[in-house]
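This report refers to the structure that appears directly beneath it.
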Amino acid sequence: LPEPPVWLCLHGSPGWGQVFASAVPVLLAAGQRVVIPDLPGFGRSDQPKKPARHQAAWHVQVLCELVLALDLRNVRILAQGEGAMLALEAAAAMPDRFVGACLMDAWPVTAASPLPPAAEKWHAAAARKSSWQASQAIVQLTAQPMGAELAKAWDAPFALSGHRAALQAWPVVQQRIWSEDALALLADWLGSQRLLLHSTERGGLWSVQQHRQAWLAALPALAEHPQIWRQTPLSSLVPSAMQAVAQQAVEYFAPISNS
């Protein structure tokens, strides 16, 4: 019998697993398994207190160990930001366990597509300023109001100064994630209709056009597959947008799930 579909949901910085809360009912209603880890240094995960501990290769290794420990197979990636890039590296290391990906607001940091200066400054502020609050930054990024409970959830992982090491290390981490193996895997998924890319205006950090141009520079074959692009009016960090993305992902991957 084929393995049941599994969604590996992975956040970027400064998020954690709670950003997928609105997606979970959609994925479960489709009868599919959902795994939502917090990256080390984020959410309820362990909090290494030295920024040097946070290396891109180490985060990928931790993800691979998780996939093996849970014996995950037939995995689809539903990921946001740098979490998308880390998940792709894990998939490239064990491609027989992964079948495709839906990526949201993920920038492919390569020599051909460097991170925009505004985005670099945003992450540098999170790394440098002890008073930086995730909730306020997300409100500015999404231009959407945020209730007190949700704001508390965004800020909780970084309440203590010793728990900000991941934020401090992230500007370096995000520059060292990509590999040629991940690009090759994406090219394979692209050719077999197993890739979705979601673009939104990123709150002044980049435009939809810049985002698409970056992906085309990193993976030129995308120009031949316009059907993989999705544009949502709100960032995936907004619960209603995340829910809509999850529904689109379930429908897009239904042929694979049913085969």
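Since the model is a prediction, treat every value here as computed from it, not as a measurement.
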Test side chain to side chain contact (heavy atoms under 4.5 Å, CB included) on V6 and L70; report intermediate values, then the result. CA-CA 11 Å; V6 178; L70 297 179; over 6 Å; no

Geometric class of the F253/W7 ring pair [parallel <30°, tilted 30-60°, perpendicular >60°]: perpendicular

Heavy-atom side-chain contact between L78 and M104 under 4.5 Å: yes

Within this structure, what is the CG-CG distance for the pair L219 and L195, rounded to the nearest 0.5 Å? 8.0 Å

Where do W178 and W107 land on the ring-ring contact (aromatic ring centres under 6.0 Å, His included) test, with the steps shown first? CA-CA 10 Å; W178 267 110; W107 189 280; over 10 Å; no

Does any N or O in the side chain of Q32 come within less than 3.5 Å of the main-chain N or O of L27, such that one atom is a donor and the other an acceptor? no

With rounding to the nearest 0.5 Å, note down the distance linking CD1 in I256 to CG in N74. 8.5 Å

In the single-linkage hydrophobic clustering (I, L, V, M, F, W, Y; side-chain heavy atoms under 4.5 Å), do W122 and V172 co-cluster? no

Which is it for E251 and Q247 under the side-chain hydrogen bond (donor to acceptor under 3.5 Å, both in side chains) test, yes or no, and what are the steps along the way? CA-CA 6 Å; E251 294 170 0; Q247 185 61 53; 3.1 Å; yes

Does S135 offer a backbone N or O that forms a donor-acceptor pair with the side chain of D155 under 3.5 Å? yes

Would you indicate whether E180, at its atom CD, is surrounded by more than 12 heavy atoms from other residues, nucleotides or ligands within a distance under 6.0 Å? no

What are the two closest heavy atoms between G41 and F158, and how far apart are they? O-CE2, 3.9 Å

So, taking the atom named CD in Q193 and the one named CD1 in I228, what distance separates them when rounded to the nearest 0.5 Å? 9.5 Å

Given a cutoff of under 4.5 Å between side-chain heavy atoms of I, L, V, M, F, W and Y, with clusters grown through shared members, what are the other residues clustered with V62? W58

Does any non-hydrogen side-chain atom of P145 lie less than 4.5 Å from one of V139? no

F98 and L185: side chain to side chain contact (heavy atoms under 4.5 Å, CB included), yes or no, with the steps? CA-CA 10 Å; F98 289 78; L185 180 63; 5.5 Å; no

Report yes if some heavy atom in the side chain of H198 is under 4.5 Å from a heavy atom in the side chain of C102; otherwise report no. yes

Report the distance from atom CG of L141 to atom CG of L205, rounding to the nearest 0.5 Å. 5.0 Å

Please report the C-alpha distance between Q168 and H54 in whole Å, then the side-chain angles of each, then the deciding distance to 0.1 Å, and finally whether the side chain to side chain contact (heavy atoms under 4.5 Å, CB included) criterion is met. CA-CA 9 Å; Q168 293 165 2; H54 293 278; over 6 Å; no

Side chain to side chain contact (heavy atoms under 4.5 Å, CB included) between L63 and L10, worked out: CA-CA 10 Å; L63 279 176; L10 202 62; 3.4 Å; yes

Can you give me the closest heavy-atom contact between P25 and A21, atom names plus distance? CD-O, 3.3 Å

Under a 3.5 Å distance rule, please check whether R194 uses its side chain to pair with a backbone N or O of V99 as donor and acceptor. yes

Which heavy-atom pair separates W16 from A153 by the least distance, and what is that distance? NE1-O, 2.8 Å

Going by heavy atoms in the side chains, are Q47 and L160 under 4.5 Å from each other? no

Less than 4.5 Å apart, any side-chain heavy atom of W132 and any of L167? yes

Side-chain heavy-atom pair W215, S199 within 4.5 angstrom cut-off: no

Just by distance, do the side chain of H211 and the backbone of T200 share a donor-acceptor pair under 3.5 Å? no

Please lay out, stage by stage, how Q140 and Q136 fare under the test side-chain hydrogen bond (donor to acceptor under 3.5 Å, both in side chains). CA-CA 6 Å; Q140 294 172 357; Q136 293 181 5; 5.4 Å; no

How is the hydrophobic cluster of V238 composed, in terms of its other members, when Ile, Leu, Val, Met, Phe, Trp and Tyr link through side-chain heavy atoms under 4.5 Å apart, directly or indirectly? L234

To the closest 0.5 Å, what do you measure between CG (L8) and CZ (R97)? 12.5 Å

Using every non-hydrogen atom in the two residues, find where A84 and A106 come nearest and quote the distance to one decimal. CB-CB, 3.6 Å

Any sub-3.5 Å donor-acceptor pair from S22's side-chain atoms to M242's backbone N or O? no

Are side-chain heavy atoms of M85 and H59 found at a separation under 4.5 Å? no

Single-linkage hydrophobic cluster L222~V208, side-chain heavy atoms < 4.5 angstrom: no

Between W170 and the options E82, H123, Q175, the side-chain hydrogen bond (donor to acceptor under 3.5 Å, both in side chains) test singles out E82

Is it the case that atom CG in D46 sees more than 12 heavy atoms from other parts of the structure closer than 6.0 Å? no

Closest contact, heavy atoms only, F42 versus P14: CE2-CA, 4.1 Å

Rounded distance [0.5 Å steps], CG in L237 versus CH2 in W154: 4.5 Å

Which atom names give the shortest non-hydrogen contact between G43 and P157, and what distance separates them? N-CB, 3.5 Å

Only pairs at least two apart or in different chains count here, so list each salt bridge (Lys or Arg N to Asp or Glu O under 4.0 Å) that has a residue in residues 103-121. D105-R202

Just so I know, are the side chains of R33 and L72 near enough to count as touching, which here means a heavy-atom distance under 4.5 Å? yes

Would you confirm whether R164, through its side chain, and K129, through its main-chain N or O, come within 3.5 Å as a donor-acceptor pair? yes

